[in-house]
Amino acid sequence: MQALLAVSRAIDAVTGFIGHHIRWLILAAVLVSAVNAIIRKLFDISSNAWLELQWYLFGAVFMMAAAYVLQRNGHVRIDVVSNRLSERTREWIDLFCHILMLLPLVLAMIWLTIPFVAESYQGHEISTNAGGLVVWPSKLFILLGFVLLLFQVISEVIKRVGFLTGALKEAEPEATHGLTPEDLGVHGGPQK
Amino acid sequence: MIELIAHNLAPIMFASLIVFLLLGYPVAFSLAFNGLLFFFVAVELSPYSNDIRLSWPLIQTLPARVLDVMRNDTLLAIPFFTFMGIILEKSGMAEDLLDTIGQLFGPIRGGLAYAVILVGALLAATTGVVAASVIAMGLISLPIMLRYGYERPLASGVIAASGTLAQIIPPSLVLIVLADQLGRSVGDMYAGALIPGLLLTGLYCAYIFVVSIVKPSAVPALPAEVRTLGGGVTSLIVALSAAVAIGFAANYLLQDEIENGAAIWAATIAVAVIYGGALLDKMLGFGVLSRLAQQVIIVLIPPLALIFLVLGTIFLGIATPTEGGAMGATGALILAFAKRRLDFKIMSDALEATTRLACFVLFILIGSRIFSLTFYGINGHIWVEELFIALPGGEWGFLVAVNILVFILGCFIDFFEIAFIVVPLLAPVADKFGIDLVWFGIVLAVNLQTSFLTPPFGFALFYMRSVAPAAPWFDKVSKRTIAGVSTLQIYRGAVSFIVLQSIMIVVVLAFPQLSIAARGPEVDLKNIQIELPPAEGEDNGIAPPPDLDLSQPPDLGGEQQQQQSP
């Protein structure tokens, strides 16, 4: 079990590292979009490559961060019923759903996306917009995103088993619903 | 038996989705897995039912569906506006606004409540994040309101409700999501939501006015000594009149020079002059303006300018909503930098929160596209349509039923889930009834806004609970112990605002022109992609990314051909 937990920690470190640093591409997308809009208005110059770059950047962020968000338990859940269950029951549900739902889903997506990327790469597919970018990197983000998710599912399964067998002390981090007070820099709580 | 299942596959698929969702597993993955599972079931059962139009090669369209979500220009506005909101929040805008506007209105009865409503609306038009507004106003205004004897339920209710204005006043995220789901442009949704949003703000103020007459003790005026900025309202009025005069003069002078947009330039000049004047006055200590007037002008102008930069350019058609979001985010960065509230950590944290939110939203969308491939492939949309057409009352029966359904769902699940799961099922039916989809979207948006206030799962109430003092606390200013606010009081405070919300839903339903008139002349929206910058329009006959995917049954034959190419 300890060896498996070490594997899980290694996976978490990698997906965490990627998820942690990929966020800066959002700032890049903001700046590209703003500069592009201003230049288009002022000089009437427009480039499809820059327009496409915006969603390449954003696409890279949300695909590559999905595994990290799963690790942080940030994918929204409907917790009306599950709130009433015990922590152990919730961990059991997650374990089963990870193995029976997410794992097949992610494997299917990887299996479908490999030819999708390969064809685009081999055919030197270029965007249909005049002056557009090569297409395969955007498709590659989809593949990489699901591959990272695959590793994260493995890590999550190990952690759930670890928790249920008592080898791991801490349970899943508390689910976040949208933005939390901490995200907004307000450290709330009743004033004493 | 197998035939029975094959013929009722759509209801079975929907029921199993509900079970998966109630398990509490992430919505995005439940949706996607459900779509995938029933794809296999449906293909196996396809010999038994004519309703099933799925075959194995179609599964290869899934990566293309993910790519469509990725290259959707409209959805880029989600991270842009989220980032802008968080940065503004961290730059302390809410504190400044509440402090200043509170002092401006404080001396009148119900003044603090008006200030909360107005600041709520201003924050809504800039940050658009409910959590941010409720938490900031709850932390700053609630203690002051309690200190000076505001009735507890009313104080917490007005803060929670004003915070939810961020849902309906542009640039709200829910309007972007609804625009995407309904296949309408974000610009139209924004234009349609503007008047209902402002009316709602007015309705809140009217309610406070009525309370201040019927029950003055619930909303007392602030005593004079609290007003550290002193009086000087006259000075403010003079300054504002001067600004208006400058604006008109500039407009008159510029009219012949510039053909288009003279009024905009004139307004910009007037605002710049008054802002510069107030800044100079403050720095050099001339004392031309009263301190109150100075402060109001200096605090109010930057957010107003930002609102214009974002919403003005979108409404005037100068920028697409995505560009507006990007410029707003850049503007927010500049503002925060100018106020010396921007450092590496704040930037990094804001990007982290943005990444998390954008990632889960986009993944629900990916899940719902995978779900919809199967659901439409087994004619699920026809099943939903038949359910609603069977209702008595035709179009109105449908609208009433939908609103009751969304209201009830809103008590239990949050708006992203409703927008992604329920709205795509309803949109084609609404379209069939000939209902204007922008209007439909605005009605849903007001309804979803209400869901933030309805116990037991109203998020605005949760945020309120997290910042309202639950236990008695010692107030240093008034030197006495003030009782806390109980959860029941927070719920009770929400009730009157839920009633106001319901009135607003009825008003928007009864007067469609409120959300349609603002859009200008009727054009065939289906053939116009307003969000796309003109350069992309030249894309030589290749269809734009299929934004309409969910509201229309997928063109299964076409996709199949496209994908079967070797």
Side-chain angles (χ1 to χ4, degrees), chain A residues 19 22-24 26-27 29-31 33-34 37 40-41 46 48 51 54-55 58-59 61-63 65-66 69 72 74-82 90 93-94 97 101-102 104-105 108-109 112-113 116 128-130 138-139 142 176-179 181 183-186 188-192, chain B residues 21-29 32-33 36 59-60 62-63 66-67 70-71 73 76 79-80 83 86 89-90 129 131-132 135-136 139 143 319 322-323 326-327 329-330 351-360 362-363 412-413 416-417 466-467 469-471 473 533 535-536 538-539 542:
Chain A
I22 200 95
R23 61 173 80 156
W24 292 97
I26 289 200
L27 183 63
V30 166
L31 297 177
S33 182
R40 185 159 70 80
K41 286 296 167 256
S46 173
N48 280 325
L51 286 175
Q54 293 167 31
W55 66 255
F58 178 49
V61 172
F62 74 76
M63 287 307 307
V69 174
R72 295 278 313 274
H75 286 286
V76 166
R77 305 158 179 263
I78 293 182
D79 45 16
V80 182
V81 177
S82 62
R90 283 205 301 263
I93 291 177
D94 265 11
C97 290
M101 289 164 66
L102 191 49
L105 173 76
M109 288 310 291
L112 291 167
T113 314
F116 186 64
T128 51
N129 296 320
S138 61
K139 296 185 173 177
I142 301 178
T176 47
H177 247 295
L179 298 176
D183 290 335
L184 302 161
V186 214
Q191 300 165 343
K192 293 282 145 46
Chain B
L21 290 177
L22 287 181
L23 279 177
Y25 198 61
V27 175
F29 305 137
F33 175 74
L36 201 62
I59 200 169
Q60 290 166 3
L62 287 182
V66 178
L67 187 68
M70 210 190 219
R71 67 177 181 201
D73 200 45
L76 257 177
F80 290 176
F83 182 60
I86 299 173
E89 179 52 40
K90 293 192 181 216
V129 182
I135 290 168
L139 279 177
T322 307
E323 291 171 335
M327 290 200 288
T330 314
L351 287 170
E352 145 93 16
T354 309
T355 305
R356 268 212 332 269
L357 183 118
C359 181
F360 88 65
L362 270 290
F363 259 78
F412 299 100
I413 62 181
F416 275 126
E417 287 142 12
S466 75
V467 293
W473 89 100
E536 220 161 297
E538 300 165 4
D539 76 40
I542 310 279

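Here is the naming used below: chain letters follow the sequence lines, and residue numbers restart at 1 for every chain.
Contacts between B:Leu36 and chain A at a heavy-atom distance below 4.5 Å involve the side chain alone, from C-beta outward. For B:Phe363, the part lying near chain A is the side chain, with the backbone staying farther off; criterion is any non-hydrogen pair under 4.5 Å. Proximity to chain B involves both the backbone and the side chain of A:Met101, based on heavy atoms less than 4.5 angstrom apart. Looking at A:Val30, both its backbone and its side chain come within 4.5 Å of chain B, counting heavy atoms on both sides. Of the two parts of A:Ala66, the backbone and the side chain both hold a non-hydrogen atom closer than 4.5 Å to a non-hydrogen atom of chain B.
Across all non-hydrogen atoms, the minimal contact from A:Ser82 to B:Gly24 is OG-CA, 3.9 Å. The two residues B:Glu417 and A:Val76 have their closest heavy-atom pair at OE2-CG1, 2.6 Å. Nearest approach of A:Met63 to B:Met70, heavy atoms of both residues: CG-CE, 3.6 Å. Among all heavy-atom pairs drawn from B:Leu67 and A:Lys139, the shortest one is CD2-CE, 3.8 Å. Scanning all heavy atoms of the two residues, the minimum distance from A:Ile142 to B:Pro63 falls at CD1-O, 4.0 Å.
A distance of 13.0 Å separates CG in B:Leu357 from CZ in A:Phe62, rounded to the nearest 0.5 Å. Expressed to the nearest 0.5 Å, how far CD of B:Glu323 lies from CG of A:Leu51 amounts to 7.5 Å. Rounded to the nearest 0.5 Å, atoms OG1 (B:Thr322) and CZ (A:Phe58) are 10.5 Å apart. Interatomic distance, CZ of A:Arg72 versus OG1 of B:Thr355, reported as 11.0 Å (0.5 Å rounding). Between the OH atom of B:Tyr25 and the CG atom of A:Leu102 there is a distance of 4.0 Å, given to the nearest 0.5 Å. Taken from CZ in B:Phe29 to NE2 in A:His75, the straight-line distance is 4.0 Å, to the nearest 0.5 Å.
Ranking B:Ala326, B:Ala319, B:Ala32 against chain A, the residue ahead of the rest is B:Ala326, based on heavy-atom pairs under 4.5 Å. When A:Val69, A:Ile26, A:Thr113, A:Val81 are compared by the number of non-hydrogen pairs under 4.5 Å with chain B, A:Ile26 comes out ahead.
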Side chain to side chain contact (heavy atoms under 4.5 Å, CB included) between A:Cys97 and B:Leu23, worked out: CA-CA 9 Å; A:Cys97 290; B:Leu23 279 177; 4.0 Å; yes
Can you check side chain to side chain contact (heavy atoms under 4.5 Å, CB included) on B:Leu62 and A:Phe116, steps first, answer last? CA-CA 10 Å; B:Leu62 287 182; A:Phe116 186 64; over 6 Å; no
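Side-chain contact between A:Arg23 and B:Thr354: absent, with no pair of heavy atoms (C-beta onward) separated by less than 4.5 Å.
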